[in-house]
Amino acid sequence: LDRLYSLQNIFEGEPEPLYPSESITSPKLDGAAISILYNKGKLVKALTRGDGIEGIDITDKISLIAPNSIPIKDWMVQITGEVVVPKQPNARNVAAGALNLKDLEEFKSRNLTFIAYGMSPSLNETWSKDLDQVLYMGFRTVLESNWDQFPQDGEVNRVNNNKHFLDLGFTAHHPRGAYALKAEQMGVITELLDVIWQVGKSGVVSPVAILQPCIIGGASIRKATLHNISYIKELGLELGCLVEVIRAGEIIPRIVRRV
């Protein structure tokens, strides 16, 4: 399967990349990224993002929330997208935790939705036409709706022409033909003292930052979510470093960058 890249984050007010052709905006859903592989029209493999190169096999679960077959029989097709749950505290971890469940009946009881945002290989000149085809295959797509019922973390701006997108290339971490535009939130700078691991109600084990206490919005903040090990590596965090902390959605403290 193709690698699942993360997106470059650009905050409102910062310079945005200039693209050689039209770009399209879509909601940046805040859930668990996965990829699904179809061979001769049949679902054969589904993986979590993991570190972008190697993920966890979740084929048995994804067969319950995504099409088991598609009307393309002549070659292999990879569909990428996000597994999300309706807006709630810590929604990203709730979605990721569901993908780690062993009990399929329990998995089916979770209110999960898969929303596609990519297809490989591209079968059309533009990304938007690719997603029209993905919609025809029976998937939900990011261009189909504004998806206000699901948690979001900004919006994605992507070059629409697939050749131009590929010509722009990739860094070690993200494509140059797309980025995530995020609202600037007033953060507080504090020190990362420690990282502990906790088991959530959904059963997923996730890292939690222990912070030098700071005040955000009148509340004393001592801990913040770190989502997963990939998020820690992406931000380049180390014990003792200074970090910027916000209250995502005015509820959950979150580290957004290393200072």
Side-chain angles (χ1 to χ4, degrees), residues 1 4-7 26-38 43-70 78-118 134 137-142 144-154 156 180 195-209 223-234 248-249 251-254:
L1 278 68
L4 291 185
Y5 286 89
S6 58
L7 291 175
S26 63
K28 186 179 186 299
L29 298 169
D30 197 14
I34 69 166
S35 62
I36 310 174
L37 185 67
Y38 292 84
L43 191 160
V44 293
K45 182 78 71 175
L47 299 173
T48 62
R49 180 204 293 275
D51 60 5
I53 299 174
E54 184 175 353
I56 298 171
D57 190 328
I58 52 170
T59 309
D60 57 340
K61 302 179 187 70
I62 297 307
S63 66
L64 301 174
I65 62 171
N68 283 277
S69 62
I70 60 175
Q78 179 181 352
I79 304 295
T80 53
E82 203 88 358
V83 174
V84 291
V85 295
K87 289 179 179 177
Q88 58 189 275
N90 222 13
R92 177 191 286 193
N93 280 357
V94 172
L99 296 180
N100 285 323
L101 290 170
K102 303 298 184 185
D103 187 336
L104 293 184
E105 291 302 317
E106 175 68 14
F107 179 82
K108 286 193 289 187
S109 72
R110 305 296 175 93
N111 192 6
L112 298 164
T113 301
F114 175 70
I115 301 176
Y117 53 62
V134 171
M137 293 176 190
F139 294 90
R140 316 309 301 268
T141 80
V142 289
E144 177 188 351
S145 166
N146 58 19
W147 298 117
D148 283 341
Q149 68 269 45
F150 298 118
Q152 299 182 19
D153 188 23
V156 176
V195 174
I196 62 174
W197 296 81
Q198 68 178 19
V199 180
K201 292 180 180 179
S202 61
V204 66
V205 179
S206 58
V208 176
K223 297 180 181 180
T225 181
L226 287 169
H227 301 301
N228 51 52
I229 190 66
S230 297
Y231 190 75
I232 294 174
K233 292 178 179 178
E234 183 180 331
I251 300 174
I252 303 166
R254 176 180 177 186

Exercise for review: Starting at CG of D30, measure out to NE2 of H227 and round the result to the nearest 0.5 Å.
Suggested key: 6.5 Å

Revision key, fill the gap. To the nearest 0.5 Å, atom CG of D60 lies from atom NZ of K102 at 9.0 Å

Practice item. Report yes if the side chains of I36 and K45 come closer than 4.5 Å at any heavy-atom pair, otherwise no. Key: no

Practice item. State whether the side chain of E82 and the backbone N or O of V142 hold a donor-acceptor pair below 3.5 Å, judged by distance alone. Key: no

Review point. For the atom pair CG (L29) and CZ (R92), what is the distance rounded to the nearest 0.5 Å?
Key: 11.5 Å

Practice item. Ignoring hydrogens and angles, state whether a donor on the side chain of Y231 or R254 is under 3.5 Å from an acceptor on the partner side chain. Key: yes

Review point. Does the side chain of L37 come within less than 4.5 Å of L43's, by heavy atoms?
Key: no

**Study point:** Stepwise side chain to side chain contact (heavy atoms under 4.5 Å, CB included) check, I65 with T113
**Key:** CA-CA 7 Å; I65 62 171; T113 301; over 6 Å; no

Review point. For the residue pair P67 and G138, what are the closest heavy atoms and their distance?
Key: CG-O, 3.7 Å

Check your understanding: Do the side chain of N68 and the main chain of S63 share a donor and acceptor less than 3.5 angstrom apart?
Key -> yes

Exercise for review: Can you measure from CZ (R140) to CZ (F114) and round to the nearest 0.5 angstrom?
Suggested key: 12.5 Å

Review point. Would you call K108 and D103 a salt bridge, using N to O less than 4.0 angstrom?
Key: no

Review point. Going by heavy atoms in the side chains, are Q149 and P86 under 4.5 Å from each other?
Key: no

Exercise for review: Using modelled atom types only, decide if a donor and an acceptor are shared between the side chain of Q198 and the backbone of I196 within a distance under 3.5 Å.
Suggested key: no

Check your understanding: Is the shortest heavy-atom distance from the side chain of S206 to the side chain of W197 under 4.5 Å?
Key -> no

Point to revise | Atom of N146, atom of Q152 and distance for their closest heavy-atom approach | key: O-NE2, 2.7 Å

Check your understanding: Is a side-chain N or O of R49 found less than 3.5 angstrom from the main chain of Y5, in a donor-acceptor match?
Key -> yes

**Study point:** Value rounded to 0.5 Å, distance of OH in Y38 from CD in Q78
**Key:** 11.5 Å

**Study point:** Beyond-backbone contact of V85 with N111, side-chain heavy atoms, under 4.5 angstrom
**Key:** no

**Study point:** I62: which of I79, L112, L99 passes side chain to side chain contact (heavy atoms under 4.5 Å, CB included)
**Key:** L99

Check your understanding: Can you find a heavy atom in the side chain of L7 that is under 4.5 Å from one in the side chain of V156?
Key -> yes

Review point. Is a side-chain N or O of T59 found less than 3.5 angstrom from the main chain of A46, in a donor-acceptor match?
Key: yes

Check your understanding: Hey, is the main chain of I56 close enough, under 3.5 Å, to the side chain of T48 for a donor-acceptor pair?
Key -> yes

Review point. Would you call the rings of W147 and F150 parallel, tilted or perpendicular, where under 30° means parallel and over 60° means perpendicular?
Key: tilted

Practice item. To the nearest 0.5 Å, tell me how far I115 CD1 sits from T80 OG1. Key: 13.0 Å

Point to revise | Minimum heavy-atom distance between Y117 and A33, given as atom pair plus value | key: OH-CB, 3.6 Å

Review point. Minimum heavy-atom separation for S145 to P27, with atom names?
Key: O-CG, 4.0 Å

Study note, to complete from the structure: Looking only at heavy atoms, the pair that brings K87 and P151 closest together is CG-N, 3.6 Å

Check your understanding: Within a strict 4.5 Å, meaning less than it, do heavy atoms of the N93 and T225 side chains meet?
Key -> yes

Exercise for review: List the steps, then state whether side chain to side chain contact (heavy atoms under 4.5 Å, CB included) holds for V208 with V195.
Suggested key: CA-CA 6 Å; V208 176; V195 174; over 6 Å; no

Practice item. Could you pull out the closest heavy-atom pair between F139 and A66, with the gap in Å? Key: CE2-CB, 4.2 Å

Check your understanding: Less than 4.5 Å apart, any side-chain heavy atom of K61 and any of N100?
Key -> no

